[in-house]
Amino acid sequence: MIDYTTLTENNSPPAGCADGGRWTRIKHIGEKTNMLCLGLCLFTGPFTCCGKAAYWCPIDTKDVYVQDDQVYDSAGSRLGPVNEFKLV
């Protein structure tokens with residue numbers, strides 16, 4: 001069972017999504033993760049593959065809306081099924 005953490009008092013869904021879901025956070029590969037990868041590559045050398053390890057544990061987070069095992073971003077765009085994301 002997935003533990004959905006409510007982030008705000010206002011559980012209003014994004015545009016185009018029905019009521020009944022929850023706001024939560026996911027980890028994703030973004031700016032911080034890319035900078036960590038670049039830093040590790042520069043520090044350890046580009047051919048050691050240590051920089052690529054940053055992509056196994058992304059450090060960026062993003063607020064998303066989860067309803068009926070589907071994940072939506074704040075604009076209401078469907079991102080995919082909940083089992084494809086690492087919920088925080």
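Cluster partners of Ile59, by chain and number: Leu36, Leu40. The rule joins Ile, Leu, Val, Met, Phe, Trp and Tyr whenever side-chain heavy atoms lie under 4.5 Å apart.
Considering all non-hydrogen atoms of both residues, Pro13 and Ala18 come closest at CB-O, 3.6 Å. Gly76 approaches Pro14 most closely through the heavy-atom pair N-CB, 3.7 Å. For the residue pair Pro58 and Lys27, the shortest heavy atom distance occurs at O-CD, 3.4 Å. Closest heavy-atom contact between Asp60 and Ile29: OD2-C, 4.0 Å.
Partners of Tyr65 according to the ring pair (Phe, Tyr, Trp, His ring centres under 6.0 Å) rule, which considers only residues two or more places apart in sequence or in another chain, are Trp23. Annotation: side chain to side chain donor-acceptor pair (under 3.5 Å) contacts of Asp73 (sequence neighbours excluded): none. For Cys41, the side-chain contact (heavy atoms from CB on, under 4.5 Å) criterion is met by Cys37, not counting sequence neighbours. For Thr61, the side chain to side chain donor-acceptor pair (under 3.5 Å) test picks out no residue, with sequence neighbours left out.
Thr24 is not listed as a side-chain neighbour of Val88, based on a closest heavy-atom distance of 4.5 Å or more.
Counting only residues at least two apart or in different chains, ring-ring contact (aromatic ring centres under 6.0 Å, His included) contacts with residues 68-88 are absent.
Ile26 pairs in a side chain to side chain contact (heavy atoms under 4.5 Å, CB included) with only one of the listed residues (Val64, Asp63, Val66), which is Val64.
No more than 12 heavy atoms of other residues, nucleotides or ligands sit less than 6.0 Å from atom CD of Glu31.
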